[in-house]
There are 2 protein chains.
Amino acid sequence: MRSGSHFAQTASSNPLVNSPCEKCNVAGMSLCHALSCDDLKKLSSISTAVEVGKGVTIINEMDPADFLFNVTGGSIKLYKLLPDGRRQMTGFLFPGDFLGIAMNDCYAYSAEALEDCKLCRFPRAKLEALLKEIPDLENRLLNMLSNELVLAQDQMLLLGRKTAIEKVSSFLLALSKRTKSKTGTGDVISLPMGRSDIGDYLGLTTETVSRTLTNLKKKGIISIPTNGQLEINDMEELTDLAEGMD
Amino acid sequence: MRSGSHFAQTASSNPLVNSPCEKCNVAGMSLCHALSCDDLKKLSSISTAVEVGKGVTIINEMDPADFLFNVTGGSIKLYKLLPDGRRQMTGFLFPGDFLGIAMNDCYAYSAEALEDCKLCRFPRAKLEALLKEIPDLENRLLNMLSNELVLAQDQMLLLGRKTAIEKVSSFLLALSKRTKSKTGTGDVISLPMGRSDIGDYLGLTTETVSRTLTNLKKKGIISIPTNGQLEINDMEELTDLAEGMD
DNA sequence: ATAAGTCTTTGATGTAGGTCAATATGACGC
DNA sequence: GCGTCATATTGACCTACATCAAAGACTTAT
């Protein structure tokens with residue numbers, strides 16, 4: 001058991017907090033975006049705030065998909081496994097992101113907390129009932145899914161056709177863009193995941209990720225002041241590298 | 001200009017046919033699935049039946065996404081390009097599939113007809129208006145998107161972590177499964193796309209796809225009676241190969 | 001502070017699949 | 001049927017990245 005965890009139980013068994021949506025720090029950037037006060041109350045009534053510690057598995061691929069989640073704090077990695085243990089990260093989640101899409105009522109991937117996390121949990125059946133009641137909510141979900149699908153297709157292009165340096169550059173840029181859209185600046189980004197997580201996201205090995213980052217450092221394009229944090233010094237060059245324009 | 005094309009114009013400029021949804025051959029497996037007669041009429045009223053010839057580009061990545069489509073006949077390839085021409089197929093569409101998801105009002109990929117195709121075309125603005133009117137329709141779209149997202153994640157696992165033989169086996173199995181769900185049997189599948197299309201879908205080269213297929217033929221797992229058609233002789237073995245259980 | 005464990009970096013070597021090039025096969029028009 | 005063109009196959013060779021192995025650098029516990 002990891003000692004760094006402040007919270008020990010799994011997400012579905014131990015809701016430590018049960019705060020209403022009104023206080024939510026991600027309202028307006030998330031599922032609840034642009035809901036009327038009334039609708040927000042309805043959503044609030046079926047949701048439970050949950051906290052999970054770093055390293056805790058939040059959902060397991062193939063388990064019945066009884067809950068959906070909205071991330072309100074921390075960061076999460078999503079992944080799928082092959083029988084022999086090979087792993088593919090399908091995404092990283094940050095506050096505002098949605099978790100829990102399923103097929104045949106089972107989760108399509110596993111999710112693990114990269115840091116201590118806060119989540120807003122919805123029973124699937126209740127959320128689905130609410131979708132029929134609140135068209136705005138359904139519409140919002142539709143838009144989020146459609147965006148995710150576009151990103152998934154970008155990732156296919158990356159995985160299938162980009163070189164190691166293009167992959168790493170694209171990854172850093174995507175994180176930067178995300179950070180910028182929230183904080184206004186995307187020059188310094190946080191890297192809560194390890195090298196091997198990044199490798200499994202980009203279809204590379206830990207070693208190749210590390211070598212590629214050193215390479216970018218040597219060229220002066222990035223610096224890594226502390227592990228877990230990265231600074232982009234030459235955004236233009238990184239952008240060119242990401243698209244193979246070199 | 002290709003001589004094999006029966007239809008010369010692009011999809012958005014030349015609706016040759018304008019038949020109502022009532023006659024549609026894919027109703028019940030598509031967007032229009034489970035709509036009431038009344039709702040179907042509304043949907044019908046904003047749709048235009050369109051035919052495009054083999055090789056015609058139906059939509060272009062980055063063009064304004066003015067239309068959405070439902071495939072009613074033929075097959076289509078979807079792809080994204082890098083500046084230097086490297087290509088990643090993001091999917092193949094068959095009757096019943098939906099085409100046209102976008103981000104920032106622009107198409108996220110290009111689409112080209114693999115064979116002469118029939119499509120059902122909806123102006124985006126009108127369809128979006130209709131979504132608000134018909135919750136069932138929105139719900140249906142939500143389910144379709146969510147399924148597509150799950151498939152996209154499977155494809156990430158394939159692209160990032162599978163070997164050539166696992167990729168090709170998985171691809172054939174996926175086509176087989178699709179065929180089976182429609183026709184009842186999945187032992188013989190049609191391959192309307194060329195080797196290089198398959199390669200660009202699997203993150204491989206034409207040559208590697210070809211070598212891998214001959215490999216599978218030599219092992220007796222598949223046969224290729226004519227180009228454009230493929231028979232699976234040992235489904236079990238192919239399934240094991242697809243997941244790396246060998 | 002120190003020890004133990006984990007994660008990252010760096011180096012040496014191997015290989016799956018890419019690249020380049022030469023046939024072979026099939027589709028279509030005449 | 002015959003020539004042309006596009007696509008598929010096969011072979012020889014190469015390279016980007018993986019694998020294997022050995023230091024460093026952090027982290028946390030005592």
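In the text below, chain A, chain B and the rest are named by the order of the sequence lines, each starting its count at 1. All values reported here derive from a predicted model rather than from experimental measurement.
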Spacing of B:L202 atom CG relative to C:dG17 atom P, expressed in whole Å: 12 Å
Heavy-atom donor-acceptor pair, B:S176 side chain to B:L172 backbone, under 3.5 Å: no
Nucleotide D:dC17, atom P - distance to CG of A:L159 in whole Å: 13 Å
Sugar-phosphate, base or nothing in reach of B:L204, heavy atoms under 4.0 Å: sugar-phosphate
Polar side chain donor-acceptor pair, A:S223 to A:E231, under 3.5 angstrom: no
Donor-acceptor pair under 3.5 Å, B:R211 side chain vs C:dT19 base: yes
Gap between atoms CG and P, on B:L213 and D:dT9 respectively (whole Å): 7 Å
Candidate nucleotides C:dT8, D:dT9, D:dC17, ranked by approach to the side chain of A:R195 - the nearest: C:dT8
Rounded interatomic separation in angstrom, taking CG from B:L114 and C1' from D:dA6: 16 Å
Heavy-atom pair of closest approach, residues A:Q153 and B:A108: OE1-CB, 4.0 Å
Residue pair A:K167, A:Y201: steps toward the side chain to side chain contact (heavy atoms under 4.5 Å, CB included) verdict: CA-CA 10 Å; A:K167 286 177 174 181; A:Y201 183 59; over 6 Å; no
Test log, rule salt bridge (charged side-chain N to carboxylate O under 4.0 Å, His left out), inputs B:D197 and B:R87: CA-CA 9 Å; B:D197 290 339; B:R87 188 177 65 156; 2.9 Å; yes
Spacing of B:R86 atom CZ relative to C:dT19 atom P, expressed in whole Å: 10 Å
For atom NZ of B:K54 and atom P of D:dA6, their distance in whole Å: 13 Å
Touch class at under 4.0 angstrom, heavy-atom based, for A:G228 against every strand present: nothing
Per B:T208 side chain, nearest of listed nucleotides D:dT9, D:dT10, C:dG18: C:dG18
Closest non-hydrogen atom pair between B:M156 and A:L159, with its separation: O-CD1, 3.6 Å
Sugar-phosphate only, base, or nothing, as touched by B:T226 at under 4.0 Å among non-hydrogen atoms: nothing
Distance in angstrom units between A:L216 CG and C:dT8 P, rounded: 16 Å
Side-chain N or O of A:T214 closer than 4.0 Å to phosphate OP1/OP2 of C:dT10: yes
Nearest-nucleotide pick for B:E207, side chain only, options being C:dC20, C:dT9, C:dG17: C:dC20
Residue whose nearest DNA chain D nucleotide is more 5′ - A:N227 or A:T205: A:T205
Of the listed nucleotides D:dA8, C:dT9, C:dG17, the one nearest the side chain of A:K217: C:dT9
End axis versus end axis in the helix from C:dA1-D:dT30 to C:dC30-D:dG1, the angle rounded to 10°, five pairs used at each terminus: 50°
Main-chain N/O of B:E237 paired to B:K219 side chain as donor or acceptor, under 3.5 Å: no
Short side-chain to backbone donor-acceptor contact, B:N147 and B:M144, under 3.5 Å: no
Sugar-phosphate, base or nothing in reach of A:G203, heavy atoms under 4.0 Å: sugar-phosphate
Rounded interatomic separation in angstrom, taking CD from A:E115 and C1' from D:dT27: 16 Å
